[in-house]
Structures are given as structure tokens and as C-alpha cells.
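The next block holds one structure in the form of C-alpha cells; read it before the comments.
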Amino acid sequence: MYYGVVVIIGRVNVGKSTILNKFIRKKLSITSHKICTTKTNIVGIYNTSNCQIVFIDTPGVNTKMINTNYVYKYYNNIHNVDIILLVVSNYWTKYEELILNYLKKVNKPILLVINKIDFFKKKSNLLPYLSYLNKKHKFVDIVPICARKNHDVNILLKVIHNYIPYGKPRFPSYIITNQSYKFILSELIREKIISFLNKELPYTIKVKILYINKLRNIYNISAVIYVKNNSQKNIIIGNNGFLIKKINFYATRNIEMFLNKKVNLILSIKFNY
Ligand SMILES: Nc1nc2c(ncn2[C@@H]2O[C@H](COP(=O)(O)OP(=O)(O)OP(=O)(O)O)[C@@H](O)[C@H]2O)c(=O)[nH]1
Ligand SMILES: [Mg+2]
């Protein structure tokens with residue numbers, strides 16, 4: 001048997017969480033086109049008949065983090081991983097430079113993943129970028145993919161397999177994460193809040209699951225959305241409750257897909273500051 005730990009690192013918004021979800025074949029880590037979607041490390045456990053890989057999705061590096069060592073608290077277990085996936089999109093920035101400088105000191109194999117290759121209209125346009133990246137570091141491999149369309153994610157998994165050592169799996173094979181269900185469901189609600197709200201607001205809002213009750217094959221789930229003040233509350237509720245209903249509708253679908261069960265979601269709003 002094979003067992004290994006892989007950390008997924010990169011700038012904000014390059015598609016790290018999308019990649020994790022494709023590996024695990026479930027939405028475990030929420031995604032959005034807005035930056036700073038992932039707030040904490042998210043673990044996804046991938047199983048085959050002879051291999052278990054623990055993937056750790058991390059919050060993306062952004063402007064706020066770049067000037068502090070804040071981000072590296074999410075990399076605290078980096079010395080225990082077998083391989084690092086450095087994810088970049090269709091361009092390289094000073095953030096990648098900073099992350100790579102940090103990773104070089106860690107002395108672990110780095111696999112470079114170029115995501116969003118759908119932005120290269122012609123395959124040949126990718127070649128100069130590949131040779132540019134090749135000079136940046138002695139990456140163990142460079143794998144171009146398009147996570148959103150699930151293109152070449154399987155190739156990436158095969159390459160990762162090459163770096164997974166022999167070992168006994170640590171988790172039962174039916175487990176896909178070590179996070180609690182309550183946490184994942186609260187994230188699936190937060191994803192919809194992020195997608196329907198503008199600007200900074202979504203990032204100050206927290207969601208907590210109060211209870212999950214199964215009654216005749218229907219999951220009754222009660223969750224609280226914590227806001228700072230009345231104006232945030234009004235925004236979330238929307239005209240005649242339009243927005244909160246929309247959030248509820250799409251969050252319910254999100255959770256139903258995750259649980260594979262019918263869901264009745266009850267949302268309430270409270271102040272937490
Ligand atoms: N065009 C394109 N978009 C993609 C691809 N993969 C992911 N995306 C989109 O990129 C956006 C960011 O994806 P995420 O997975 O949330 O990115 P992330 O790196 O986890 O972002 P943070 O958690 O904020 O660091 C989403 O809108 C995705 O749908 C891809 O291959 N092509
Ligand atoms: Mg993310």
C-alpha cells in the first residue's frame with residue numbers, strides 16, 4: 001500500500017480548491033471567482049485500492065499576507081508532506097516569486113501545476129510560458145491542466161502517485177475529510193453568501209450549523225449566519241427577503257449534492273460582534 005500527504009499552495013484564486021474538489025470528486029472546499037475564498041486549511045482524502053493521499057488545500061497568498069508571515073501558519077505541517085503542489089494560473093507574479101523563495105528553504109519536491117490553461121487559446125502559446133517557468137526552479141515536474149473542465153486532472157494524479165511512498169493508510173477508505181460535517185455544511189452555505197454579496201462583506205460573515213436532524217430520509221439542517229450589524233443583516237435579507245431566500249435555495253442544492261440526500265435548510269441571522 002501507498003500513503004502520502006500533499007499540500008496545495010499558491011496565490012489567491014489560481015484554482016487550488018477547484019483542484020482539490022476534482023481529486024476528491026466532491027465539493028469539499030468552496031470556490032469562487034472572488035479572492036480569499038478559502039479561510040483555513042481543508043483536508044481531502046483520496047483513496048484507491050492501493051493508495052491513500054491526504055491533500056491539504058490552503059488559503060491563497062494575497063496582498064495582506066505577503067507583507068507578514070501570516071500565511072505561513074497554514075504551512076506549519078509542510079515538513080511532513082511528501083510533495084508540494086505549487087499551483088499557478090496562466091501568469092506568474094511577485095506572489096509566486098515570494099512563495100517559491102519560501103518553498104526553496106523547505107527542501108521538499110515541488111510539482112508545478114499550471115492551471116487555467118484554457119486561457120491559452122493556442123497550445124503553442126503555452127510553450128514560452130513553460131520554458132519561463134522551467135528556469136524558475138528545478139521542479140520535479142510541470143503539469144498543465146484545466147481544473148474547471150476537469151482536463152488532465154487524472155494525469156496530474158498519476159504524476160503525484162509517483163511521489164507517494166509505501167505506507168499504511170491512516171484513515172478508513174470511506175472517509176473523505178477529517179473536518180466535521182457541520183464545518184463542511186457551514187462552508188457550503190458560506191460559498192453562496194460569497195457568491196451573492198459584493199466586496200468585503202462576505203469575508204466578515206460567519207456561518208454556524210446549529211443542528212442536523214435526519215427525519216424519514218430528509219435532513220433538517222438549522223444554521224445561523226452571524227453578521228456585525230443591522231445594515232449587514234438587511235443586506236443579507238434583501239428586499240422582501242429575496243436574497244436570503246436565494247442563498248437558502250442554492251445552499252440547499254449545494255448541501256443536497258454533498259450529502260446525496262434531500263435537505264430542508266433553516267437559516268437565521270444573528271449578531272456576533
Ligand atoms: N478559466 C478557468 N477558471 C478556473 C479553472 N479552475 C478554477 N477556475 C476558477 O477560478 C476561480 C478560483 O477558483 P478557486 O478554486 O476558488 O481558487 P483558489 O486558489 O482556491 O482561491 P483562494 O481560496 O481564494 O486562494 C473560480 O471561479 C474557479 O471556477 C480553470 O481551469 N480555468
Ligand atoms: Mg481556495
Side-chain angles (χ1 to χ4, degrees), residues 6-44 55-66 68 70-75 78 84-96 98-100 102-103 111-123 125-126 129-130 133 142-157 177 179 183-184 186-205 207 250 254 257-258:
V6 178
V7 67
I8 308 172
I9 282 175
R11 174 168 43 91
V12 285
N13 216 40
V14 291
K16 299 178 293 300
S17 304
T18 309
I19 294 172
L20 178 84
N21 294 340
K22 296 296 175 191
F23 286 161
I24 309 299
R25 299 207 191 96
K26 254 202 196 295
K27 187 184 288 176
L28 197 57
S29 190
I30 61 170
T31 68
S32 89
H33 63 276
K34 289 165 193 164
I35 63 163
C36 299
T37 304
T38 307
K39 289 290 191 203
T40 183
N41 287 356
I42 307 281
V43 168
F55 287 103
I56 305 166
D57 179 22
T58 59
V61 176
N62 68 356
T63 323
K64 272 185 205 148
M65 290 170 166
I66 203 163
T68 65
Y70 180 64
V71 64
Y72 303 126
K73 87 174 199 198
Y74 298 109
Y75 301 169
I78 205 158
I84 295 167
L85 294 198
L86 173 59
V87 182
V88 300
S89 69
N90 51 320
Y91 53 92
W92 179 273
T93 71
K94 62 175 182 182
Y95 298 103
E96 276 76 18
L98 177 108
I99 299 166
L100 185 59
Y102 172 81
L103 293 183
L111 198 169
L112 186 70
V113 180
I114 311 174
N115 189 30
K116 307 198 183 187
I117 57 161
D118 47 315
F119 280 117
F120 294 95
K121 292 287 168 261
K122 280 198 250 151
K123 274 242 159 101
N125 294 347
L126 184 63
Y129 187 46
L130 270 172
L133 294 174
I142 302 182
V143 184
I145 64 166
C146 174
R148 185 185 266 175
K149 295 185 191 152
N150 210 0
H151 289 171
D152 297 337
V153 174
N154 276 341
I155 293 177
L156 176 59
L157 269 173
T177 183
Q179 256 101 15
F183 173 76
I184 298 164
S186 72
E187 286 285 280
L188 293 172
I189 297 167
R190 198 168 66 82
E191 183 183 70
K192 293 308 158 196
I193 297 173
I194 292 174
S195 73
F196 297 132
L197 291 183
N198 291 322
K199 303 207 180 93
E200 290 294 307
L201 185 57
Y203 303 108
T204 63
I205 284 167
V207 180
Y250 286 98
N254 238 358
M257 275 206 306
F258 183 81

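Every value quoted in this text rests on a predicted model; they were computed, and no experiment measured them. When a ligand or atom number is given, it counts from 1 through the structure's own listing order.
- Backbone and side-chain nitrogen or oxygen atoms of Lys149 are examined, and none is located within less than 3.5 angstrom of a nitrogen or oxygen of ligand 1.
- Polar contact with ligand 1: present for Ala147 (N/O pair, distance under 3.5 Å).
- The shortest contact between atom 8 (N) of ligand 1 and any protein heavy atom is with Lys116 CE, 3.8 Å.
- The Mg ion (ligand 2) has an N, O or S atom of Thr38 inside 2.8 Å of it.
- Residue contacts with ligand 1: Lys34 is placed with no nitrogen or oxygen under 3.5 Å of a nitrogen or oxygen of the ligand (distance criterion only).
- Ile117 is not listed as a side-chain neighbour of Ile145, based on a closest heavy-atom distance of 4.5 Å or more.
- The protein non-hydrogen atom at the shortest distance from atom 25 (O) of ligand 1 is Lys16 NZ, 2.8 Å.
- By the 3.5 Å distance cut-off applied to N or O atoms, Gly15 is counted among the residues near ligand 1.
- Closest to atom 23 (O) of ligand 1 among all protein heavy atoms lies Thr38 OG1, 2.7 Å.
- On a distance-only criterion, Phe119 and ligand 1 share no N/O pair closer than 3.5 Å.
- Of the protein's non-hydrogen atoms, Thr18 OG1, 3.6 Å is the one closest to atom 14 (P) of ligand 1.
- For atom 5 (C) of ligand 1, the closest heavy atom belonging to the protein is Arg148 CB, 3.5 Å.
- Taking the side chain as every heavy atom from C-beta outward, Leu100 and Trp92 approach each other to under 4.5 Å.
- To the nearest 0.5 Å, the span separating CD1 on Ile42 from OH on Tyr74 amounts to 10.5 Å.
- Backbone and side-chain nitrogen or oxygen atoms of Pro59 are examined, and none is located within less than 3.5 angstrom of a nitrogen or oxygen of ligand 1.
- Between Cys36 and ligand 1, an N or O atom pair is found at a separation short of 3.5 Å.
- Gly10 does not count as a contact of ligand 1, since none of its heavy atoms falls under 4.0 Å from the ligand.
- Between atom 6 (N) of ligand 1 and the options Ile194, Asn115, Ile9, the minimum heavy-atom separation is to Asn115.
- Under the 4.5 Å side-chain criterion, counting only non-hydrogen atoms from C-beta, Ile24 is not in contact with Thr177.
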Ser32 vs Thr37, test: side chain to side chain donor-acceptor pair (under 3.5 Å). Steps then yes/no.
CA-CA 6 Å; Ser32 89; Thr37 304; 3.0 Å; yes

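- Interatomic distance, NZ of Lys149 versus NZ of Lys22, reported as 11.5 Å (0.5 Å rounding).
- Listed by number with element, the atoms of ligand 1 under 4.0 Å from a non-hydrogen atom of Gly60 are 25 (O).
- With a cut-off of 2.8 Å, the Mg ion (ligand 2) has an N, O or S atom of Ser17 in range.
- Under the 4.5 Å side-chain criterion, counting only non-hydrogen atoms from C-beta, Ile184 is in contact with Leu28.
- For Thr31, no nitrogen or oxygen atom sits less than 3.5 Å from a nitrogen or oxygen atom of ligand 1, counting backbone and side chain alike.
- Ligand 1 places these atoms under 4.0 Å from at least one heavy atom of Ile35: 24 (O).
- With contacts defined as side-chain heavy-atom distances shorter than 4.5 Å, the pair Pro144/Asn115 does not qualify.
- Residue Ile19 does not touch ligand 1, judged by heavy-atom distances below 4.0 Å.
- Looking at heavy atoms from C-beta onward, Val88 lies in side-chain contact with Tyr129 at the 4.5 angstrom threshold.
- Evaluated for a side-chain contact (heavy atoms from CB on, under 4.5 Å) with Leu111, the options Leu156, Leu86, Val6, Ile84 yield exactly one hit, Leu156.
- One finds the CD1 atom of Ile193 at 11.5 Å from the CG atom of Leu188 (value rounded to the nearest 0.5 Å).
- Judged by a 6.0 Å distance limit and a 45° cone about the ring axis, Lys26 is positioned over the six-membered ring of Phe258.
- Looking at atom 22 (P) of ligand 1, its nearest protein heavy atom turns out to be Asn13 N, 3.6 Å.
- Counting heavy atoms from C-beta outward, Asn254 and Tyr250 have side chains that stay 4.5 Å or more apart.
- The closest side-chain heavy-atom distance from Glu191 to Thr31 is below 4.5 Å.
- Ligand 1 has no N or O atom lying under 3.5 Å from any N or O atom of Asp57, backbone or side chain.
- Residue contacts with ligand 1, taken as heavy atom pairs separated by less than 4.0 Å, involve Asp118 solely via side-chain atoms from C-beta onward.
- Within the 4.0 Å heavy-atom criterion, the part of Ser32 lying near ligand 1 is the backbone and not the side chain.
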